[in-house]
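Just so we're on the same page: letters track the sequence lines, and every chain starts at 1.
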Protein chains: 4
Amino acid sequence: MTTSAKTSTSRQRTSWKQDPEAVKADILRVARAEFAAHGLSGARVQDIAEKTKTSKRMIFYYFKDKESLYREVLEQAYNDVREGEKALELENLDPVEALSKLVKFTFSHHRDNEDFIRLVMIENIHRGIHLTASETIRSGNTPAVDQLKEILERGREMKLFRPDIDPLRLHWKISALCFFNVSNEPTFTRVFGDEIVSQEGQRKLKEEIVRTILNSVLAVPVSGS
Amino acid sequence: MTTSAKTSTSRQRTSWKQDPEAVKADILRVARAEFAAHGLSGARVQDIAEKTKTSKRMIFYYFKDKESLYREVLEQAYNDVREGEKALELENLDPVEALSKLVKFTFSHHRDNEDFIRLVMIENIHRGIHLTASETIRSGNTPAVDQLKEILERGREMKLFRPDIDPLRLHWKISALCFFNVSNEPTFTRVFGDEIVSQEGQRKLKEEIVRTILNSVLAVPVSGS
Amino acid sequence: MTTSAKTSTSRQRTSWKQDPEAVKADILRVARAEFAAHGLSGARVQDIAEKTKTSKRMIFYYFKDKESLYREVLEQAYNDVREGEKALELENLDPVEALSKLVKFTFSHHRDNEDFIRLVMIENIHRGIHLTASETIRSGNTPAVDQLKEILERGREMKLFRPDIDPLRLHWKISALCFFNVSNEPTFTRVFGDEIVSQEGQRKLKEEIVRTILNSVLAVPVSGS
Amino acid sequence: MTTSAKTSTSRQRTSWKQDPEAVKADILRVARAEFAAHGLSGARVQDIAEKTKTSKRMIFYYFKDKESLYREVLEQAYNDVREGEKALELENLDPVEALSKLVKFTFSHHRDNEDFIRLVMIENIHRGIHLTASETIRSGNTPAVDQLKEILERGREMKLFRPDIDPLRLHWKISALCFFNVSNEPTFTRVFGDEIVSQEGQRKLKEEIVRTILNSVLAVPVSGS
DNA sequence: AATGAATGAGCCTTCATTCAT
DNA sequence: GATGAATGAAGGCTCATTCAT
């Protein structure tokens, strides 16, 4: 887990001590899971502490209080997602493929990061008040929107895409479909069964979302979405 | 301490008493607002009681415990929404107009029933476990899907719509876009500003969603969504 | 302790229950001693609870929080002292004797109510902020000042007292000497020994204070203080 | 994370370091204010540290624990006040003027050293147990009493003062009046208004206290106090 | 001589819930 | 049917202090 250096330190037990960053990271990791699982008020500091390599006391030592810890968890979650988006390499693909890949990535990325989705849901329940402070999050300059803008420009120049597409609104639409797929799965499944949540259902849904988005931007839409 | 002069006014004061249904309805009304505002664990029985015409004790008397109250609130919320959907009269409209109207209605209906949206979010946070019990909710026979099915059939017969559209998946897509619009407004606005949430932004968004949905089903799609 | 009525109640254990006033009075009694002994921040709710017939939980049930409990203790202490002052009957004494008796009473009353003195000291450490709320306390119409005013008027009419004595300032002087005697006994004794705090020392001190006060008001002062 | 560029500025930054006495004095200065403001249990080591040029850790390093720090603060406060009293030069004044000046000085000195007054109050709340250790404080040979003794002797020789005046008891009376004026100002003001605490009220009070004290000792008392 | 990191013990308070009639 | 009084269990958080170098 932690870097092994600290050669001179004799005792094993204290290997992770004296390394505040490691302790903080450990707490954040556990806290993210707990907050995602139970919400801000539902999560228990005690429970977080018990799943940590340190004590409840340390949580307050490093993060001041429960709410601040939650804030940092949220911020870190947002940043992690953005880092993930950056890794996509779309520059060498033609616009249609690039957009297609971006949508598929978003779909799968959301699917694979349920904790992030849940944290965002929870934060929306709190009306987003804990997002206020973080300047990096609020900038609006997300990799996803930047990439979309670039793809749309290239597509427009090649006369493939309509010229009046707003990158932010397109991002909104992609997000809505990919986010809802994860966020509302529990209730949707209870009410309508698992047709959509099944493996085959998800495969079809992903394709359908790609088609829907493509049709939104194509100068000459194709049938079927 | 305890004034005894209660005899003459007892009738007046207790007019709403002796009417268990009225008391329960009052509690449910307040509880719905509180649960929608703060979630299941975030809501306080105390706070609910204080906004009620009766006492905290009565909440437990009528609803057993907090979770059961939440369950009833949730069930009632679902039922109310379905009642709202039933009121739509789409039979006399041609398929395209009927679908268009249905989407617009869903968009506005969600917008106007934020508490319901929030309750569904909250329930999804809880992985939908409180929806298990209610048989009426789980039937899957929602007015919305029934209406969609009817519209799609008519449209297919008139060769307007593609023949392979699944009503449930279409419902899913409409829901996703209209639900996300309300559920994620707080965080989306914090990150990207109020371009979409503004009055003009919402008007355009509604039109765009209608076009997106129509293009999904039209045999001959039109450009622009 | 509590009134024995409640004949129909079978169990002895619950005799004091169902009598909120008795429970509150019990808590107040214990809390007064604890706050007087350790101050507001120094007193422990736990300790108060343990010396009570009820539990820690009940303290918050009846008094909301520690500070409110302290406030009520303080208020009650002030009221109790005023009740004690009222009991004095000075109307039938000639002015000099009345004043003399009042001073002696104040001296002894303070001596015998160290807890009250300590509470006032503690409240002064807090700059009196907890006295703000109570209207009865702040009225300024204390029995002591009222009685002084009456005595001074009688004495002036009989040409015994100087005509320019302000009752409030006289009250201030009496208070200062009698209060300080109790409040500063610990440090004064540590520094200067127990000459003054001894039984004989206190007897002489009381006489001296009486003479000092009398000389303050007499038209023709006597030698010796 | 940990910048290493410390070499060039290390001398500058640590100018006050390496000087234990300066650090201790700094801590004592801050601690006195905090203890005076909030009492022994009410003061926070954390708060003291934050207003200091050094860290919380150093407080324990130099003073062992909170209580010992308080003890040193208390002792220093007593010594400071005595130093102040020494500065008075009363030898060249006639007894009446000397005594008058001493009282006026005490009145003003107490007024101007509220922190000292509050520390003494606090220590009295603690029943003076922290004064035990300090031998210098307990000697009883305070400048104030010494000066009083000298003045009384001169006054007695000149037949101005009564021969039976005990310097300690006189000191007690002066202290009581001047101390109470500061110590009980908050509660007295809340109850009786600011008649006495006002600037004019204080001026009159000082005069009255001087007269009261003089009348205590004069062989031929004058009317009016 | 000096200090950053860590902490056990205990604090006040709140929670949903039950007791007892 | 209805309710005022009471509460066990746990909650988040803070305190002065020590560990380890």
D/A22 backbone acceptor or donor facing D/D26 side chain under 3.5 Å
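Side chain of D/D26 to backbone of D/A22: no pair is present.
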For A/T187, is there any backbone N or O sitting under 3.5 Å from a side-chain donor or acceptor partner on B/E123?
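No; judged by distance alone, with no hydrogens or angles, the pair does not exist.
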Take B/E67 and C/V45, find for each the nucleotide of DNA chain E with the closest heavy atom, and name the residue whose nucleotide sits nearer the 5' end.
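That would be C/V45.
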For DNA chain E, whose closest nucleotide is more 5', that of B/Q46 or that of D/Y62?
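Nearest nucleotide further toward 5': that of D/Y62.
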Taking C/K51 first and then C/E34, would you say they form a salt bridge - that is, a charged N and a carboxylate O separated by under 4.0 Å?
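Answer for the salt bridge query: yes.
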Determine which bases of DNA chain E form Watson-Crick or G-U wobble pairs with both distances under 3.5 Å, and write the result as a 5' to 3' dot-bracket string with | for other-strand partners.
.||||||||||||||||||||
In whole angstrom, what separates [X]'s [atom1] from [N]'s [atom2]?
| X | N | atom1 | atom2 | answer |
| --- | --- | --- | --- | --- |
| C/K66 | E/dC12 | NZ | P | 4 Å |
| A/K53 | E/dA5 | NZ | P | 17 Å |
| B/F60 | F/dT7 | CZ | P | 17 Å |

Does B/A43 reach a base, just sugar-phosphate, or nothing at all? Heavy atoms under 4.0 Å.
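Here B/A43 touches the backbone only, sparing every base.
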Side-chain heavy-atom pair D/I48, D/K56 within 4.5 angstrom cut-off
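Side-chain contact under 4.5 Å: no.
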4.5 Å side-chain heavy-atom contact, C/R71 and C/F63
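Side chain of C/R71 against side chain of C/F63, heavy atoms only: no contact under 4.5 Å found.
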Has the side chain of C/R57 got a donor or acceptor that lies under 3.5 Å from a partner of the other kind on the base of F/dG8?
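Yes.
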Look at the side-chain N and O atoms of A/R44 and state whether any lies under 4.0 Å from the OP1 or OP2 oxygen of F/dG12.
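So the side chain of A/R44 is within the cut-off, an N or O lying under 4.0 Å from OP1 or OP2 of F/dG12.
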Pairs flagged by ring-ring contact (aromatic ring centres under 6.0 Å, His included) wherever residues 24-45 of chain D is involved - sequence neighbours left out:
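Listed by first then second residue: D/F35-D/Y70.
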Quick check for you: among F/dT17, E/dA5, E/dT3, whose closest atom lies nearest to any side-chain atom of D/Y61?
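Minimum distance to the D/Y61 side chain belongs to E/dT3.
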